[in-house]
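Structure record follows, encoded as structure tokens.
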Amino acid sequence: MSDPWGISGPGFAWLYAWLAVLPLFTAGMYALWLRRGTDSPGVPGVHHLAALAGGSDRVTDTVVAGLLERHGLRPDSHGMLYPVRPVPADPFERAIVSLVYGSGIGLRDLRFRMARHEVVQELRADLQRRGLEVAENRRRLGWRCALTVYVAVLALGIARLANAVPLKRPAAILIVLIFGVAGALGVTGWLQRPDRLGRATTKGVLTLRYGSWDRGLSRTAAGQVALHGFRAYPDPVVAAALAKTGATPRSWFTGVIGSSCGGGASFAMGSSCGGGSSCGGGGSGCGGGGSGCGG
């Protein structure tokens with residue numbers, strides 16, 4: 001009996017195994033190729049470093065830290081942010097203030113809105129022009145092409161299986177390979193989704209490393225947050241308060257935030273604090289006589 005399609009079962013299995021691996025491998029190598037480049041970079045602004053370190057969320061945190069440091073924003077004990085006039089001249093700070101309404105806004109909502117703001121989109125475009133970040137459309141194109149190929153490979157495998165079963169040919173290996181292709185299809189589909197963090201090039205990684213050596217950045221709250229996140233904000237009370245409204249839904253129910261406030265009292269959800277730690281730029285202090293961290 002002649003082989004289906006003029007190729008034996010083992011021969012087709014070997015060919016199909018190569019087809020199952022090749023698109024994922026090729027797209028992965030293309031993604032690595034996009035990140036090439038080792039020429040000596042210069043250190044750009046703090047917002048560029050924040051984007052390289054943690055994407056648009058880190059940019060938002062950095063701008064908020066700078067505004068808090070200069071009393072441009074005021075946090076309350078629940079982690080809600082309120083603007084303090086006048087409106088700043090810096091476009092990033094002006095964007096933050098425009099999104100902080102009179103009723104206040106939490107850090108998580110602020111991050112979500114800033115990720116779509118034009119100033120952040122322009123920052124991402126500038127990073128790509130400088131060769132510090134992989135262009136998102138080019139990165140997704142590689143995985144999208146692999147996804148298209150896998151759809152064709154999956155259809156090929158199903159067609160071969162439909163041909164082999166009526167002829168009572170062994171098909172166990174082919175079935176396993178088809179499941180493998182379906183899994184690779186899911187992986188490539190996941191990898192081609194939009195990425196808010198961005199992918200730094202080799203030059204971008206070096207730039208971030210040089211920025212971490214800049215002692216001038218470490219002297220400001222914005223610089224520390226840009227490089228290390230809000231956990232590095234100099235005032236742990238403010239950082240803990242903002243962590244409540246900056247948490248993802250998965251971590252909303254963690255209960256007590258473990259930073260101390262004043263004379264040994266822990267700062268929990270809605271608790272007051274004593275001992276003298278300040279709560280931010282609005283002039284409200286943590287009073288020594290039991291007053292709350294007010295907004």
Side-chain angles (χ1 to χ4, degrees), residues 4-5 7-38 50-60 108 111-112 114-116 120-121 123-125 127-128 131-165 169-208 229 247-252:
W5 301 359
I7 183 171
S8 66
F12 182 84
W14 277 108
L15 175 63
Y16 199 72
W18 276 105
L19 291 175
V21 173
L22 190 59
L24 192 62
F25 175 79
T26 304
M29 294 302 295
Y30 175 69
L32 290 176
W33 179 79
L34 288 175
R35 301 177 71 170
R36 73 198 186 285
T38 57
L52 290 172
S56 60
D57 286 355
R58 186 67 63 81
V59 174
T60 302
R108 181 170 177 264
R111 288 169 176 169
F112 180 81
M114 274 293 287
R116 290 153 179 78
V120 174
Q121 297 301 319
L123 176 64
R124 294 286 296 270
L127 286 170
Q128 294 169 15
L132 301 176
E133 183 179 281
V134 175
E136 182 69 0
N137 59 337
R138 298 179 66 188
R139 183 194 70 82
R140 295 183 67 193
L141 177 62
W143 295 113
R144 196 175 293 125
C145 290
L147 182 67
T148 303
V149 174
Y150 271 127
V151 170
V153 172
L154 182 62
L156 177 66
I158 293 174
R160 177 73 180 197
L161 181 65
N163 185 260
V165 169
R169 297 299 180 91
I173 295 178
L174 180 58
I175 291 173
V176 171
L177 290 173
I178 288 174
F179 275 107
V181 169
L185 180 67
V187 170
T188 52
W190 180 75
L191 288 171
Q192 69 86 40
R193 78 197 194 286
D195 186 5
R196 288 177 58 190
L197 291 179
R199 306 296 171 95
T201 61
T202 305
K203 181 178 178 180
V205 173
L206 290 173
T207 298
L208 186 59
T248 59
R250 186 177 300 175
S251 59
W252 278 347

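The first residue in the sequence is number 1, and the count goes up from there. These numbers come from a predicted model, not from an experiment.
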Problem set entry | Expected output: side-chain Arg193 to main-chain Trp190 donor-acceptor under 3.5 Å | yes
Exercise. Is there a donor-acceptor pair closer than 3.5 Å between any side-chain N or O of Gln121 and the backbone N or O of Ala115?
Worked result: yes
For residues 144-162, please give each side-chain donor-acceptor pair under 3.5 Å, one per line with the distance, not counting sequence neighbours.
from: Thr148; atom 1: OG1; to: Arg144; atom 2: O; distance (Å): 3.0
from: Tyr150; atom 1: OH; to: Ala20; atom 2: O; distance (Å): 2.5
from: Tyr150; atom 1: OH; to: Leu24; atom 2: N; distance (Å): 3.2
from: Arg160; atom 1: NH1; to: Pro4; atom 2: O; distance (Å): 2.8
from: Arg160; atom 1: NH2; to: Ile7; atom 2: O; distance (Å): 3.0

What pairs with [X] under side chain to side chain contact (heavy atoms under 4.5 Å, CB included), at least two apart in sequence or on another chain?
{"X": "Ala13", "answer": "Ile173, Leu177"}
{"X": "Ser8", "answer": "Asp3, Pro10"}
{"X": "Phe179", "answer": "Ile175"}
{"X": "Ala50", "answer": "Arg58, Val59, Thr62, Ala226"}

Problem set entry | Close side-chain approach of Arg138 to Tyr30, heavy-atom, < 4.5 Å | yes
For this session: Could I get the full list of ring pair (Phe, Tyr, Trp, His ring centres under 6.0 Å) partners for Phe12, not counting sequence neighbours?
Result: Trp5, Tyr16
Exercise. Honestly, is Arg116 close enough over Phe112, meaning NZ or CZ under 6.0 Å from the six-membered ring centre and within 45° of the axis?
Worked result: yes
Seminar exercise, completed: d(Leu123 CG, Met114 CE) to nearest 0.5 Å is 9.0 Å
Exercise. How many angstroms lie between CZ in Arg108 and CG in Asp57, if you round to the nearest 0.5 Å?
Worked result: 10.0 Å
Indicate the atoms forming the closest heavy-atom contact of [X] with [Y], along with that distance.
{"X": "Gln128", "Y": "Val134", "value": "NE2-O, 3.8 Å"}
{"X": "Ala200", "Y": "Leu52", "value": "CB-CD2, 4.1 Å"}
{"X": "Leu132", "Y": "Lys203", "value": "CD2-CG, 3.7 Å"}

